[in-house]
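Reckoned from all heavy atoms, side chains included, excluding hydrogens, waters and symmetry mates. Whatever order the structure lists ligands and atoms in, that order sets their numbers, starting from 1. Residues: numbered from 1 along the sequence shown.
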Amino acid sequence: MILPIRAFGDPVLRKVGKEIDKDYPSLQDLIDSMFETMYSAKGVGLAATQVDIHRRIVVVDTSEERDQPLVFINPEIVAQSVEQKEWEEGCLSVPEIYETVTRPDRVRVRAQDAKGEFFEMACDELLAVCIQHEIDHLNGKVFVQYLSNLKLNRIKNKIKKQQREAQQ
Ligand code: ZN
């Protein structure tokens, strides 16, 4: 099922997601719907927050072929490189906006898979950017909040304009 993606400015994007325990109902359905939503929107990652579900779950696929789905449940960054890097980021909740953000170059993530098993993954390149960006969503933060207020206001106006145009 394709879920509606909330746009920046919607207060639900500021909510902090709760941990998922193994009794969470229909977890696999939620995972499937999140992948379907992410692939149909041509995104590389999606956090449950963006579809108004305030649980700590993220789906990612940074492969060219769009055939390497990764699911991270209750993800945590357990280590990060001192080196930082700049990357031009986008977000399904901030359509058509791409801005440079500086983050740690590499991170190690600990999470659970769909069966509740713990795993750790060393992430670099786009995957490192993506997982940090998605964990921010679970904490109620959108990437444009790293930018200056001037830029942020310009983006808010652009999104309002997009929304007005979409309603016409
Ligand atoms: Zn995002």
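In terms of heavy atoms, Thr49 sits closest to Val12 at CG2-O, 3.8 Å.
Counting only protein N, O or S atoms, the number found under 2.8 Å from the Zn ion (ligand 1) is 3.
Atom CD of Gln28 has more than 12 neighbouring heavy atoms from other residues, nucleotides or ligands inside a 6.0 Å radius.
With Glu99 as reference, Lys151 is the one residue of Arg154, Lys151, Lys158 to meet the salt bridge (charged side-chain N to carboxylate O under 4.0 Å, His left out) rule.
Side-chain polar atoms of Asp136 and Gln132 form no donor-acceptor pair below 3.5 angstrom. Arg56 and Asn139 form a side-chain donor-acceptor contact under 3.5 Å, judged by distance and modelled atom types alone.
You'll find the side chain of Val94 reaches within 4.5 Å of the side chain of Val142, heavy atoms only.
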